[in-house]
Amino acid sequence: MVNVEDRLSFFPALYRVDANPDAGMWYLYLTIIFLSILVYKLGFAKKLPPLKSALIYLFLILGCTVLTFLAVFLPVTEGLIIAALILIIYKIRLRREQAKGTV
């Protein structure tokens, strides 16, 4: 028999999705929404009218629902963290270069 605890990725194991699925899945869902919005804002967001922006965030949140189910056994949340870190480093370096005037 396969033990489900051994197959969980880091965040579902941290949130104890196997022991408390209701609260654990909500925590995982909110974490994925937060990280997805962060990655979107850091890497892809442009200045849009409020209604278009709200529509993008609505579809982003709906897409996070599917990602949450995949994140139980796959490293979706960890990948979002890596993407956010790379984009943060990129933004910091870009601002430094702009301050120097080389870009």
Side-chain angles (χ1 to χ4, degrees):
M1 178 116 185
V2 176
N3 191 2
V4 174
E5 280 184 39
D6 296 336
R7 298 188 61 198
L8 294 176
S9 65
F10 177 74
F11 278 93
L14 179 69
Y15 296 145
R16 303 288 298 155
V17 170
D18 56 332
N20 190 0
D22 290 336
M25 287 299 282
W26 278 110
Y27 293 146
L28 185 62
Y29 182 58
L30 293 175
T31 303
I32 289 174
I33 287 174
F34 171 73
L35 289 171
S36 296
I37 289 173
L38 180 66
V39 168
Y40 171 71
K41 293 290 271 182
L42 287 172
F44 306 103
K46 293 183 179 181
K47 186 70 176 164
L48 294 173
L51 189 59
K52 286 183 182 179
S53 186
L55 189 64
I56 286 176
Y57 285 113
L58 174 72
F59 282 115
L60 183 77
I61 290 170
L62 289 174
C64 287
T65 305
V66 175
L67 286 179
T68 302
F69 291 111
L70 293 174
V72 174
F73 297 113
L74 298 173
V76 172
T77 314
E78 293 84 350
L80 286 169
I81 289 173
I82 298 299
L85 289 175
I86 290 171
L87 288 169
I88 288 169
I89 291 168
Y90 169 74
K91 291 289 185 174
I92 290 170
R93 293 189 67 178
L94 181 65
R95 287 191 182 157
R96 282 187 184 166
E97 294 295 322
Q98 286 176 344
K100 288 180 184 178
T102 58
V103 173

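Heavy-atom basis, side chains included; hydrogens, waters and symmetry copies ignored. All of these numbers come straight from a predicted model, not from anything done at the bench.
When all heavy atoms of Ala84 and Leu42 are compared, the closest pair comes out as O-CD1, 3.9 Å. Across all non-hydrogen atoms, the minimal contact from Ala71 to Ser9 is O-OG, 2.9 Å.
Few gaps surround OH on Tyr29; more than 12 heavy atoms of other groups in view lie less than 6.0 Å from it. Atom CZ of Phe34 is surrounded by 12 or fewer heavy atoms from other residues, nucleotides or ligands within 6.0 Å. The environment of Leu51 atom CG is sparse: at most 12 non-hydrogen atoms of other residues, nucleotides or ligands sit within 6.0 angstrom. When the shell of 6.0 Å around CZ of Phe69 is examined, it contains 12 or fewer heavy atoms from other residues, nucleotides or ligands.
A distance of 4.5 Å separates CG in Leu94 from OH in Tyr90, rounded to the nearest 0.5 Å. Atom-to-atom distance recorded for Glu78:CD and Leu35:CG is 10.0 Å, nearest 0.5 angstrom. Note that CD1 of Ile86 and NZ of Lys91 are 14.5 Å apart. Values are rounded to the nearest 0.5 Å. Annotation: the span from Leu58 atom CG to Ser53 atom OG amounts to 11.5 Å, rounded to 0.5 Å. The CG atom of Leu74 sits 9.5 Å away from the CZ atom of Arg7 when rounded to the nearest 0.5 Å. Of the inter-residue distances, the one linking Ile33 atom CD1 with Leu67 atom CG reads 10.0 Å to the nearest 0.5 angstrom.
A donor-acceptor pair under 3.5 Å is formed between the side chain of Ser36 and the backbone N or O of Ile32.
Ring-plane geometry between Phe11 and Tyr15 is classed as tilted, the angle between the planes lying from 30 to 60 degrees on a 0 to 90 degree scale.
In the hydrophobic cluster analysis, where Ile, Leu, Val, Met, Phe, Trp and Tyr join through side-chain heavy atoms closer than 4.5 angstrom, Leu30 is grouped apart from Leu80. Connection of Ile81 to Ile88 is established within a shared hydrophobic cluster, with ILVMFWY side chains joined at heavy-atom distances below 4.5 Å, either directly or through further cluster members. Ile82 and Ile37 sit in two unconnected hydrophobic clusters of ILVMFWY residues. Membership requires side-chain heavy atoms under 4.5 Å apart, directly or through other members. Hydrophobic clustering (side-chain heavy atoms under 4.5 Å, transitive across Ile, Leu, Val, Met, Phe, Trp, Tyr) groups Phe10 together with Leu28. Linking ILVMFWY residues whenever their side-chain heavy atoms come closer than 4.5 Å, directly or via other members, places Val66 and Phe73 in the same cluster.
Two residues are said to be in side-chain contact when any heavy atoms from C-beta on lie closer than 4.5 Å; Leu87 and Lys41 fail this criterion. For the pair Phe44 and Val39, the minimum side-chain heavy-atom distance is below 4.5 Å.
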